[in-house]
Amino acid sequence: MQTELSKRLGVEHAVFGFTPFPAVAAAISRAGGFGVLGAVRYTAPEDLARDLDWMQDHVDGRPYGLDVVMPAKKVEGVSEADVEAMIPEGHRQFVKDTLARHGVPELAAGEAAGWRITGWMEQVARGQLDVAFDYPIKLLANALGSPPADVVARAHERGVLVAALAGSARHARKHAEGGIDIVVAQGYEAGGHTGEIASMVLTPEVTEAVAPLPVLAAGGIGCGEQVAAALALGAQGVWLGSVWLTTTEADLHSPALTRKLLAAGSGDTVRSRALTGKPARQLRTAWTDAWDDPAGPGALPMPLQGLLVAEAVSRIQKHEVEPLLGTPVGQIVGRMTSERSVQAVFDDLTSGFERAVARLNRIAGRP
Ligand SMILES: Cc1cc2nc3c(=O)[nH]c(=O)nc-3n(C[C@H](O)[C@H](O)[C@H](O)COP(=O)(O)O)c2cc1C
């Protein structure tokens with residue numbers, strides 16, 4: 001599974017893996033893919049430095065990258081406390097009532113809300129970059145929008161390629177105009193923040209829109225046949241996120257959540273604003289149902305919703321309150337039916353890819 005892009009980055013397979021877990025990212029790079037560590041949950045730069053040190057020691061010299069979340073719209077001079085103050089009381093009460101209805105216990109005294117994500121704030125993301133550029137990362141990816149011009153320039157000075165996620169050809173063109181090197185075309189099926197266009201439609205649209213820039217196909221890819229399909233549609237590689245969540249190297253801290261993921265079918269996710277305020281695909285739970293219910297107050301816009309629900313989500317996760325327990329995950333969750341090592345996922349991807357190529361060759365009448 002080699003393309004011009006995988007050769008340029010010095011990896012054996014054109015398979016890029018996004019993951020919030022350093023052990024998974026390192027295992028992806030060791031397996032011959034390209035591991036990308038999600039930085040959004042690292043509020044403290046020293047925690048990111050600790051995990052990048054660990055990655056350095058565990059990638060066997062293979063290349064890897066980092067993913068940050070810098071929203072396109074810059075909010076100047078607004079602190080987390082200012083944002084907190086904008087949350088309406090009625091929404092706070094709705095959170096309390098929903099938790100009470102499901103008997104969700106409090107956090108222990110002094111226990112911080114671990115889920116508190118502030119990495120979307122530009123000042124936090126910039127702190128992450130200051131750390132990351134001290135490491136030999138080969139790729140910097142940005143989630144919500146085009147990265148600022150000075151960040152692109154800083155990356156390029158260090159020989160770091162810049163990628164950005166796009167859910168439409170229009171977004172992809174904007175990224176290309178901003179001087180990035182790779183577009184990740186992420187379809188509707190994907191876990192996390194998604195647009196409304198399915199990968200089958202999006203991949204060729206984006207590939208044509210930004211040619212000759214390389215495009216990675218993301219969303220709904222979990223087997224080698226799907227990798228072959230993405231490459232057939234013009235992508236120079238694939239970008240997988242969900243499939244790593246049930247690998248043995250992943251550290252979800254919740255056996256109940258792993259069980260839920262393994263049991264879920266492809267129809268058990270929903271694109272909901274419950275978690276961050278922007279539509280993000282995740283497991284459908286009683287929590288997403290409550291926020292998506294027209295009789296409720298509805299989710300607040302980003303970043304208010306993320307701050308509003310941070311403690312609640314931590315409580316649900318720590319106490320494994322099953323009806324409410326969820327995570328971002330894509331429709332490919334239906335194929336995630338057993339815990340496997342990252343290497344086993346790669347073995348499956350390469351053998352499925354070979355089967356698909358052989359099948360197409362037979363159909364095309366080639367020996
Ligand atoms: C648990 C989870 C968290 C995610 N968080 C981010 C993120 O912080 N930044 C980002 O660029 N993409 C994030 N994504 C999206 C992935 O980068 C990727 O595009 C997506 O998972 C691909 O589709 P798939 O889920 O069908 O594999 C996340 C996905 C999942 C499943």
Side-chain angles (χ1 to χ4, degrees), residues 15-21 24-25 28 33-43 48 65-72 115 117-120 124-125 128 139-147 162-167 171 175 180 182-195 197-200 202-203 206 215-223 226-227 229-230 235 237-247 250-254 257-258 260-261 264 266 269 271 275-276 278-283 302 306 313 317 326-336 345 349:
V15 175
F16 294 69
F18 167 91
T19 171
F21 306 114
V24 177
I28 292 168
F34 191 98
V36 181
L37 179 67
V40 73
R41 71 194 170 102
Y42 293 95
T43 310
L48 179 60
L66 193 81
D67 176 283
V68 295
V69 180
M70 276 197 173
W115 190 79
I117 287 182
T118 49
W120 47 265
V124 177
Q128 293 163 349
L139 176 86
L140 175 69
N142 192 46
L144 299 172
S146 297
V162 181
L165 275 70
H171 279 155
H175 291 333
I180 65 151
I182 301 165
V183 174
V184 180
Q186 194 202 240
Y188 174 80
E189 312 92 314
H193 293 121
T194 58
I197 306 169
S199 299
M200 189 71 159
L202 186 69
T203 309
V206 170
V215 170
L216 298 174
I221 299 173
C223 70
Q226 289 162 328
V227 176
V238 290
W239 174 279
L240 281 57
S242 292
V243 81
W244 317 113
L245 290 174
T246 49
T247 55
D251 195 3
L252 285 179
H253 294 295
S254 170
L257 182 54
T258 301
K260 272 187 106 167
L261 286 169
S266 51
T269 71
R271 193 169 160 269
L275 211 49
T276 65
K278 274 188 188 290
R281 186 169 299 287
Q282 52 201 288
L283 273 186
M302 189 181 218
V313 172
Q317 288 177 346
T327 174
V329 72
Q331 294 178 339
I332 199 67
V333 71
R335 291 188 77 99
M336 294 155 52
V345 173
L349 291 174

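Just so you know, ligand 1 is whichever comes first in the structure, and atom 1 is the first atom listed for that ligand.
- Judged as a side-chain hydrogen bond (donor to acceptor under 3.5 Å, both in side chains), and not counting sequence neighbours, the contacts of Glu189 are Ser199.
- Here Ser254 pairs with Ala256, Leu257, Glu320, Leu325 under the side chain to side chain contact (heavy atoms under 4.5 Å, CB included) rule; sequence neighbours left out.
- In this structure, the side chains of Ile180 and Pro147 come closer than 4.5 Å at one or more pairs of heavy atoms.
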Measure and list all N/O to N/O distances between ligand 1 and the protein that fall under 3.5 angstrom.
| from | atom 1 | to | atom 2 | distance (Å) |
| --- | --- | --- | --- | --- |
| ligand 1 | 9 (N) | Asp67 | OD1 | 2.9 |
| ligand 1 | 11 (O) | Asp67 | OD1 | 3.2 |
| ligand 1 | 11 (O) | Asp67 | OD2 | 2.7 |
| ligand 1 | 17 (O) | Trp239 | NE1 | 2.9 |
| ligand 1 | 19 (O) | Gln186 | OE1 | 2.5 |
| ligand 1 | 19 (O) | Trp239 | NE1 | 3.2 |
| ligand 1 | 23 (O) | Gly219 | N | 3.3 |
| ligand 1 | 25 (O) | Gly191 | N | 2.9 |
| ligand 1 | 25 (O) | Ser242 | N | 3.3 |
| ligand 1 | 25 (O) | Ser242 | OG | 2.5 |
| ligand 1 | 26 (O) | Gly220 | N | 2.7 |
| ligand 1 | 27 (O) | Gly241 | N | 2.9 |
| ligand 1 | 27 (O) | Ser242 | N | 3.2 |

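- Every residue meeting the side chain to side chain contact (heavy atoms under 4.5 Å, CB included) condition with Leu202, not counting sequence neighbours, appears here in chain and number order: Ala185, Ile197, Val206.
- By the 30° and 60° cut-offs, the orientation of the rings of Phe16 relative to Phe34 is tilted.
- Annotation: side chain of Asp67 is in contact with side chain of Leu165 (closest heavy-atom distance under 4.5 Å).
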